[in-house]
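Data first, discussion second: the structure below is written as structure tokens.
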Amino acid sequence: QVQLVESGGGLVRPGGSLRLSCAASGSIFSFVVMGWYRQAPGKQREWVATTITSSGSTNYADSVKGRFTISRDSAKNMVYLQMNSLKPEDTAVYYCYARKYNSSSYLTDYWGQGTQVTVSS
């Protein structure tokens, strides 16, 4: 059973930093891609950052480029999102995301339960 568990959210002032963590139930290399999405109240879920697990290649939404960094620790089956220079518009529930082929060779998406990030003075 695939599980993704986020942690590290909280309340931070504008300009501050947080590091989110995503613990996967197995090797991160079993996934084609992993990343982060976020959803603010009353808004659609939006993509934040992804990494191709085999190569480490990364991509970022324009809104977070230069401020957020996605990274991994394969030995710990962990993916991280380092968030610096946080802005009030970054306030959202952040979700860990992973995509892999299941046992029937269907490409399947998996999601964590989410962790709240609130940026406010």
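Computed from a prediction, not measured in an experiment: that's the story for all the values here.
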With a 4.5 Å cut-off on side-chain heavy-atom distances among I, L, V, M, F, W and Y, is there a chain of contacts connecting Tyr94 to Val12?
yes
What I want to find out is whether Asp62 reaches Lys65 closely enough, with some N-O distance under 4.0 Å, to be called a salt bridge.
yes
Ring geometry between Tyr97 and Trp111 (parallel below 30°, tilted from 30 to 60°, perpendicular above 60°):
tilted
Just wondering, are more than 12 heavy atoms of other shown residues or ligands nearer than 6.0 Å to OH in Tyr101?
no
Do Tyr95 and Val119 belong to the same hydrophobic cluster, where Ile, Leu, Val, Met, Phe, Trp and Tyr are linked whenever their side-chain heavy atoms lie under 4.5 Å apart, directly or via other members?
no
For the pair Ile70 and Val79, evaluate side-chain contact (heavy atoms from CB on, under 4.5 Å) and give the outcome as yes or no after the intermediate values.
CA-CA 7 Å; Ile70 186 170; Val79 174; 4.0 Å; yes
Ignoring hydrogens and geometry, is there a side-chain-to-backbone donor-acceptor pair from Gln39 to Ala92 under 3.5 Å?
no
Test side-chain contact (heavy atoms from CB on, under 4.5 Å) applied to Tyr80 and Met78, step by step
CA-CA 7 Å; Tyr80 305 99; Met78 298 285 288; 3.5 Å; yes
Can you check whether Ser57's main-chain N or O pairs, donor with acceptor, with Thr51's side chain at less than 3.5 Å?
yes
Can you hop from Leu18 to Tyr60 via hydrophobic side chains spaced under 4.5 Å?
yes
Which distance, rounded to the nearest 0.5 Å, do you find between the OG of Ser54 and the CD1 of Ile28?
10.5 Å
Which heavy atom of Gly9 sits nearest to which heavy atom of Thr115, and what is that distance?
N-OG1, 3.2 Å
Shortest non-hydrogen contact between Arg67 and Ser85, atoms and distance:
NH1-O, 3.0 Å
Path from Met34 to Val32 over hydrophobic side-chain contacts below 4.5 Å
no
Closest heavy-atom pair, Asn77 versus Ser27, reported as atoms and distance to 0.1 Å, is OD1-CA, 3.4 Å
Side chain of Ser104, backbone of Tyr106: donor and acceptor closer than 3.5 Å?
no
State, yes or no, whether a side-chain contact exists between Thr58 and Phe68 at a heavy-atom distance under 4.5 Å.
no
Identify, with sequence neighbours excluded, every residue that meets side chain to side chain contact (heavy atoms under 4.5 Å, CB included) alongside Glu46.
Arg38
Show your working on side-chain contact (heavy atoms from CB on, under 4.5 Å) between Val117 and Leu20 and close with a plain yes or no.
CA-CA 9 Å; Val117 172; Leu20 306 183; 4.0 Å; yes
Please name the pair of heavy atoms, one in Ser121 and one in Pro14, separated by the smallest distance, quoted to 0.1 Å.
N-CD, 3.7 Å
Are Tyr37 and Met83 grouped together when hydrophobic residues (ILVMFWY) are joined by side-chain heavy atoms under 4.5 angstrom apart?
no
Look at the side chain of Glu6 and the backbone N and O of Cys96, then say whether any donor-acceptor pair between them is shorter than 3.5 Å.
yes
Distance col, row Thr50:OG1 vs Asn59:CG, nearest 0.5 angstrom, shows 5.0 Å
NZ-CG distance between Lys100 and Asp109, expressed to the nearest 0.5 angstrom
11.5 Å
Which atom pair, heavy atoms only, marks the closest approach of Leu81 to Ala49?
CD1-CB, 4.3 Å
